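I have placed the structure first, in the form of structure tokens, so that the comments after it can refer back to it.
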Protein chains: 2
Amino acid sequence: MAGTKRSSETFVTVDCVVFGLDSDLKVLLIQRGGEPFAHSWALPGGFIHADESIDAAAQRELSEETGLKSVFLEQLYTFGEVDRDPRGRVISVAYFALVKLSDHKVRAATDAADVGWFSVTDLPTLAFDHEQILYAALTRLKGKVTYQPIGFELLPKKFTLSQLQEMYEIILDRSLDKRNFRKKILGMELLEELEEVQQDVAHRAARLYRFDERKYKRLTKGGFVFEI
Amino acid sequence: MAGTKRSSETFVTVDCVVFGLDSDLKVLLIQRGGEPFAHSWALPGGFIHADESIDAAAQRELSEETGLKSVFLEQLYTFGEVDRDPRGRVISVAYFALVKLSDHKVRAATDAADVGWFSVTDLPTLAFDHEQILYAALTRLKGKVTYQPIGFELLPKKFTLSQLQEMYEIILDRSLDKRNFRKKILGMELLEELEEVQQDVAHRAARLYRFDERKYKRLTKGGFVFEI
DNA sequence: CCAAAAGTGTTCACGGTACACCCATGC
DNA sequence: GCATGGGTGTACCGTGAACACTTTTGG
């Protein structure tokens with residue numbers, strides 16, 4: 001768009017806030033190659049193609065940047081301050097995504113020069129208004145995990161109750177009572193108890209569970225409301 | 001944009017879902033003059049100007065259509081299916097708004113040929129994907145009134161507890177217990193009890209109350225969470 | 001046998017829910 | 001005086017919160 005911009009034109013991009021969970025809540029950032037904001041860290045994203053929906057654009061960008069398909073992806077908010085992009089009028093539809101870090105090699109991304117996972121508590125300066133977008137995504141995530149079972153998207157398919165609890169503690173930034181947490185989560189009957197336990201741990205191995213999407217959908221129809 | 005469209009161009013509009021409360025939940029619609037969808041009912045909206053933010057565009061459109069300023073207005077969702085507009089690629093940022101019907105002459109709008117309030121339970125066929133947008137707004141409204149005190153935006157500044165309760169009953173589409181409702185809402189200490197009662201009613205006049213925005217903000221800082 | 005995390009119940013306080021009658025006013 | 005909504009309190013139940021010790025396993 002560099003040379004061809006006409007003053008009346010509006011460009012629309014998607015930007016993705018991709019969260020992953022480690023011992024920390026992490027966000028995927030890329031390092032920009034060209035101007036503006038060359039070498040700055042930014043959210044992965046790009047222009048929407050003429051023949052794709054916004055959702056499809058977000059999915060495409062995400063898959064191009066991370067190699068991921070079919071992750072949890074949800075539209076967040078649309079940012080459109082007049083001067084948010086020095087190149088001209090650019091409106092950005094922001095998405096937030098949750099991925100299972102356990103499924104991929106975090107290393108590959110972390111070691112690369114142009115893409116990396118950053119702890120949300122220790123972020124670099126970001127390009128454009130991406131800090132604002134990230135903040136909005138974080139707020140949405142914190143709000144949403146408490147009343148929708150989306151946190152599972154951050155965990156491996158099979159997980160222990162302690163991992164599940166820790167995930168909530170990290171995201172909500174407060175500690176939870178172990179017994180109450182277990183009572184509540186098991187009482188919902190959303191988890192399938194597997195005949196399997198952790199491997200290679202230097203202490204008693206914990207039982208593994210799996211989130212049962214079908215049960216959740218069935219319960220939801222009956223008026224059940226998930227809540228942590 | 002009729003003659004000047006280039007295939008690579010994207011246009012961005014705002015559409016507003018404006019709710020008002022009568023004995024019913026109402027939505028403001030306009031009747032389209034030109035193609036496409038001439039004579040169809042549609043949500044008020046229009047193109048974003050190059051020199052205004054999206055929020056400003058929504059506010060401007062709303063004020064142009066209804067004469068209203070400084071009403072409750074919040075971004076809802078951005079709709080961008082490739083074929084949602086027969087004229088080309090048009091992305092729409094939808095807003096939802098809450099207005100006090102009591103403050104204006106509903107009549108003027110209702111009698112006009114090109115603009116009118118429709119009960120959400122009895123809507124005409126809408127242009128574009130506006131039915132989908134309206135449905136999304138309704139869902140958001142129903143969800144949001146229960147945990148944020150936005151319902152007051154639909155009522156006159158001074159209202160009775162019965163009016164307040166009725167508002168929730170209409171939006172949530174379920175009946176509430178009068179004593180429990182009063183206990184709860186008064187217990188929050190968000191309402192200022194006025195030294196004033198209803199006028200011109202053929203029965204005992206009810207006390208009037210006013211929502212105290214300041215108290216709410218103060219409480220919110222202390223971790224208070226509004227909930228119906 | 002020691003370290004580390006897994007796993008497990010009970011008690012108490014509070015808030016949600018259910019429920020029915022008298023009161024004030026205008027006509 | 002009658003019709004119409006305004007206004008009020010109590011009892012029960014279920015859920016959330018606080019809280020500590022024993023068990024299992026690997027090293």
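Protein chains get the first letters and strands the later ones, always in sequence-line order, with residue 1 at the start of each. Bear in mind that the values here come from a model prediction, so they are computed numbers and not experimental data. All values below were derived from every heavy atom in this structure, side-chain atoms included, with hydrogens, water molecules and symmetry-related copies excluded.
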A:R207 vs A:E195, test: side-chain contact (heavy atoms from CB on, under 4.5 Å). Steps then yes/no. CA-CA 8 Å; A:R207 181 167 294 275; A:E195 297 303 321; 4.2 Å; yes
Among side-chain atoms of A:S162 and A:T160, is any donor-acceptor pair under 3.5 angstrom? no
Can you measure A:F181 atom CZ to D:dA18 atom C1' for me and round it to whole angstrom units? 17 Å
Just to be sure I understand the rule, does B:S162 reach a base, reach only the sugar-phosphate, or reach nothing, if contact means heavy atoms closer than 4.0 Å? sugar-phosphate
Between P of D:dG7 and CG of B:L186, the distance in whole Å: 10 Å
What does the list of N/O pairs under 3.5 Å between the protein and nucleotides 10-15 of chain D look like, with a distance for each?
from: D:dT10; atom 1: O4; to: B:K183; atom 2: NZ; distance (Å): 2.9

Rounded to the nearest 0.5 Å, how far apart are CD of B:Q165 and CG of B:N180? 9.5 Å
Starting at CD1 of B:I133, measure out to CG of B:D15 and round the result to the nearest 0.5 Å. 5.0 Å
What integer distance in Å separates A:D177:CG from D:dA20:C1'? 11 Å
Hey, which of these two, A:Q163 or B:R179, hits DNA chain C nearer its 5' end, going by closest nucleotide? A:Q163
Holding to ring-ring contact (aromatic ring centres under 6.0 Å, His included), I want the full list of residues that pass it with A:F211, two or more places apart in sequence or in another chain. A:F152
When rounded to the nearest 0.5 angstrom, what distance separates OH in A:Y216 from CD in A:Q148? 5.0 Å
Rounded to whole Å, how long is the line connecting atom CD1 of A:I228 with atom P of D:dA17? 11 Å
In whole angstroms, how far is the P atom of C:dA18 from the CZ atom of B:R174? 11 Å
Rounded to whole Å, the CZ-C1' distance (B:R182 to D:dG9) equals 14 Å
In 5'-to-3' order, the base (B), backbone-only (S) or no-contact (-) status of each nucleotide in nucleotides 21-27 of chain C, using a 4.0 angstrom heavy-atom cut-off, is --BBBS-
Nearest-angstrom distance from the residue atom CD of B:E169 to P of D:dG5: 14 Å
Within the structure shown, what part of the strands sits under 4.0 Å from A:R207 by heavy-atom distance: base, sugar-phosphate, or nothing? sugar-phosphate
Is the B:F128 to B:F37 ring centre distance short of 6.0 Å? yes
A:I228 vs A:K184, side-chain contact (heavy atoms from CB on, under 4.5 Å): CA-CA, chis, key distance, verdict: CA-CA 8 Å; A:I228 290 296; A:K184 186 158 194 176; 5.8 Å; no
In whole Å, what is the span from the CD atom of A:Q198 to the C1' atom of C:dG7? 13 Å
A:Q132 CD to A:R84 CZ distance, which is reported to the nearest 0.5 Å: 8.5 Å
